[in-house]
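Remarks on the structure that follows.
Reminder, nothing fancy here: chain letters follow the sequence lines and each chain counts from 1. Keep in mind it's a predicted model, so treat the numbers as computed, not measured.
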There are 2 protein chains.
Amino acid sequence: MNEQQLITRLRSKGYKVTPQRIAICQLILSSKDHPSAEQIYQEVKKTYPAISLATVYITLDLLKKLGLVQELGFSDQSSRYDPNNSPHINVICPRCGKIYDYEAPNVKKLWYRIIAETGLKPLRQRLDLYTLCNKCSQENPTP
Amino acid sequence: MNEQQLITRLRSKGYKVTPQRIAICQLILSSKDHPSAEQIYQEVKKTYPAISLATVYITLDLLKKLGLVQELGFSDQSSRYDPNNSPHINVICPRCGKIYDYEAPNVKKLWYRIIAETGLKPLRQRLDLYTLCNKCSQENPTP
DNA sequence: TTATTAGATAATAATCATTATTATTTAAGA
DNA sequence: TCTTAAATAATAATGATTATTATCTAATAA
């Protein structure tokens with residue numbers, strides 16, 4: 001989704017288009033590492049030093065309402081925001097919290113077979129796979 | 001896991017066996033609805049009126065360390081505790097928060113194929129599928 | 001059986017991510 | 001430009017979870 005599409009999408013839903021909003025949306029929608037609100041805040045602050053953390057939270061809520069990002073809640077770290085809403089696996093390191101997407105046609109295909117198996121109509125899904133990242137498994141193999 | 005196995009497990013790890021601990025463990029390990037800490041607290045209070053919420057949290061942490069329960073963090077509700085650690089789907093209602101397990105041999109088999117596809121070695125996983133429960137979809141079909 | 005003590009409990013204070021509030025500012029249409 | 005409803009920045013409030021601490025007790029040994 002490019003900037004013009006985003007602007008159109010916001011206006012069509014009656015939301016105003018502000019520079020802060022564009023900056024936050026661009027950042028999160030192009031992110032690959034599922035940043036937290038704080039991380040987004042720190043990043044956007046580089047361009048908008050006066051921006052408020054509350055604005056970040058409000059904008060993230062807006063993107064959730066538009067169905068453009070999914071909020072991933074955790075018990076051991078603050079929420080992370082995922083702009084990828086097609087079925088994929090969030091590969092998560094239980095030690096450092098790093099997250100990346102594993103996305104492949106076969107994963108999607110197999111997931112659809114699982115869904116068919118359940119007979120349920122999913123609105124969305126969240127597939128988390130916990131495994132030590134390379135860095136953490138090297139640093140301290142057996143904690 | 002019966003009470004004797006639980007007691008042995010606790011003692012073998014150097015944890016003391018207390019009546020409160022047994023009550024909390026029994027409750028969570030036999031639960032099917034992934035209760036929250038508060039729900040467990042309210043339930044155990046019926047037998048142990050003087051029990052502290054802190055004790056519930058400490059015991060849940062202990063069960064996590066033993067690998068007997070998984071804590072499921074959410075962004076829109078407090079954590080829920082899941083005693084089922086084999087691959088299964090948490091079917092979650094996005095409106096009322098109700099959770100139940102969908103567990104079937106085929107789901108497990110397909111999930112293992114997905115894992116094989118990724119080439120990753122999972123320590124654990126969490127598979128959430130969001131769909132309106134019967135009650136909520138009847139009450140207000142289109143919000 | 002009793003004494004000892006490390007760990008557990010109950011009560012409650014502290015933390016911190018997130019949400020709510022409010023005065024001020026601004027986007028967008030008239 | 002003018003108007004105004006919505007957005008922003010600043011900050012207070014909330015609430016789940018964690019930390020602290022003064023008893024209390026399970027488990028071991030005398």
Side-chain angles (χ1 to χ4, degrees), chain A residues 3-4 6-25 27-28 34-42 44-66 69-81 97, chain B residues 3-4 6-25 27-28 34-42 44-66 69-81 97:
Chain A
E3 187 165 323
Q4 198 48 58
L6 174 65
I7 290 173
T8 306
R9 186 73 168 270
L10 289 173
R11 290 230 176 87
S12 75
K13 296 285 179 180
Y15 295 115
K16 287 186 180 171
V17 175
T18 68
Q20 295 96 325
R21 218 159 242 189
I22 294 292
I24 295 167
C25 291
L27 186 64
I28 177 68
H34 306 61
S36 65
E38 182 64 32
Q39 287 169 333
I40 296 164
Y41 174 58
Q42 292 303 334
V44 177
K45 243 166 101 165
K46 293 176 184 169
T47 332
Y48 295 90
I51 205 161
S52 167
L53 181 55
T55 300
V56 173
Y57 275 106
I58 291 168
T59 306
L60 288 169
D61 257 8
L62 185 158
L63 288 169
K64 281 198 287 176
K65 280 184 207 152
L66 293 177
V69 305
Q70 182 179 30
E71 180 176 358
L72 303 175
F74 292 94
S75 60
D76 59 345
Q77 59 171 313
S78 45
S79 280
R80 308 278 291 256
Y81 296 84
Chain B
E3 187 165 324
Q4 198 47 58
L6 174 66
I7 290 174
T8 306
R9 187 71 168 270
L10 289 172
R11 290 232 176 87
S12 75
K13 295 285 180 182
Y15 295 115
K16 287 186 180 171
V17 175
T18 68
Q20 294 96 325
R21 219 160 240 189
I22 295 293
I24 295 166
C25 291
L27 186 65
I28 177 70
H34 306 60
S36 64
E38 183 63 32
Q39 287 169 333
I40 295 165
Y41 174 58
Q42 293 303 334
V44 177
K45 242 165 102 164
K46 293 176 185 169
T47 332
Y48 295 91
I51 204 160
S52 166
L53 180 57
T55 301
V56 173
Y57 274 107
I58 290 168
T59 306
L60 288 169
D61 257 7
L62 184 158
L63 289 169
K64 280 197 288 175
K65 279 183 208 153
L66 292 177
V69 306
Q70 182 178 30
E71 179 176 358
L72 303 176
F74 292 94
S75 60
D76 59 346
Q77 60 171 315
S78 45
S79 280
R80 309 279 291 256
Y81 295 84

Kindly list each side-chain donor-acceptor pair under 3.5 angstrom involving residues 6-17 of chain B, sequence neighbours excluded, with atom names and distances?
from	atom 1	to	atom 2	distance (Å)
B/T8	OG1	B/Q4	O	2.8
B/R9	NH2	B/L66	O	3.3
B/S12	OG	B/T8	O	3.4
B/S12	OG	B/R9	O	2.8

| query | Which residues satisfy the side chain to side chain contact (heavy atoms under 4.5 Å, CB included) test with B/T47, sequence neighbours excluded? | reply | none

| request: Tell me which of B/V17 and B/D61 sits closer to the 5' end of DNA chain D, going by the nucleotide each one is nearest to. | output: B/D61

| note | From CZ of A/R11 across to C1' of C/dG29 the rounded distance in Å is 11 Å

| Rounded (10°) bend between the five-pair end axes of the helix from C/dT1-D/dA30 to C/dA30-D/dT1 | 30°

| task | Rounded off to whole Å, could you give me the CD1-to-C1' distance for the B/I22 and C/dT9 pair? | result | 15 Å

| Excluding sequence neighbours, so at least two apart, what forms side chain to side chain contact (heavy atoms under 4.5 Å, CB included) with A/S75? | B/E71, B/S79

| field | Integer-rounded Å distance: D/dT18 P and B/E38 CD | value | 14 Å

| note | residues 48-57 of chain B vs salt bridge (Lys or Arg N to Asp or Glu O under 4.0 Å), sequence neighbours excluded, gives none

| query | Could you state the NZ-C1' distance from B/K45 to C/dT9, rounded to the nearest angstrom? | reply | 15 Å

| message | Can you build the contact string for nucleotides 5-16 of chain D? Use B for base contact, S for sugar-phosphate-only contact, and - for no protein heavy atom under 4.0 Å. | response | BBSSBBB----S

| Single hit among B/T59, B/L62, B/I58 for side-chain contact (heavy atoms from CB on, under 4.5 Å) with B/I24 | B/T59

| query | Looking at residues at least two apart in the chain, or sitting in another chain, which of them share a side chain to side chain contact (heavy atoms under 4.5 Å, CB included) with B/T18? | reply | B/Q20, B/R21

| request: With sequence neighbours excluded, tell me which residues meet side chain to side chain contact (heavy atoms under 4.5 Å, CB included) with B/Y57. | output: B/A37, B/L53, B/Y81

| query | Just how far, in rounded Å, is P of C/dT19 from CD of A/E71? | reply | 7 Å

| query | In whole Å, what is the span from the NZ atom of B/K13 to the C1' atom of C/dG7? | reply | 18 Å

| In whole Å, what is the span from the CD atom of B/Q77 to the P atom of C/dT19? | 14 Å

| Can you name the nearest heavy-atom pair linking A/Y48 to A/A23, along with the distance? | CE1-CB, 3.6 Å

| Within residues 49-59 of chain A or reaching into it, pairs that qualify as salt bridge (Lys or Arg N to Asp or Glu O under 4.0 Å) - sequence neighbours excluded | none

| query | Can you tell me how far C1' of C/dA17 sits from CZ of B/F74, to the nearest Å? | reply | 18 Å

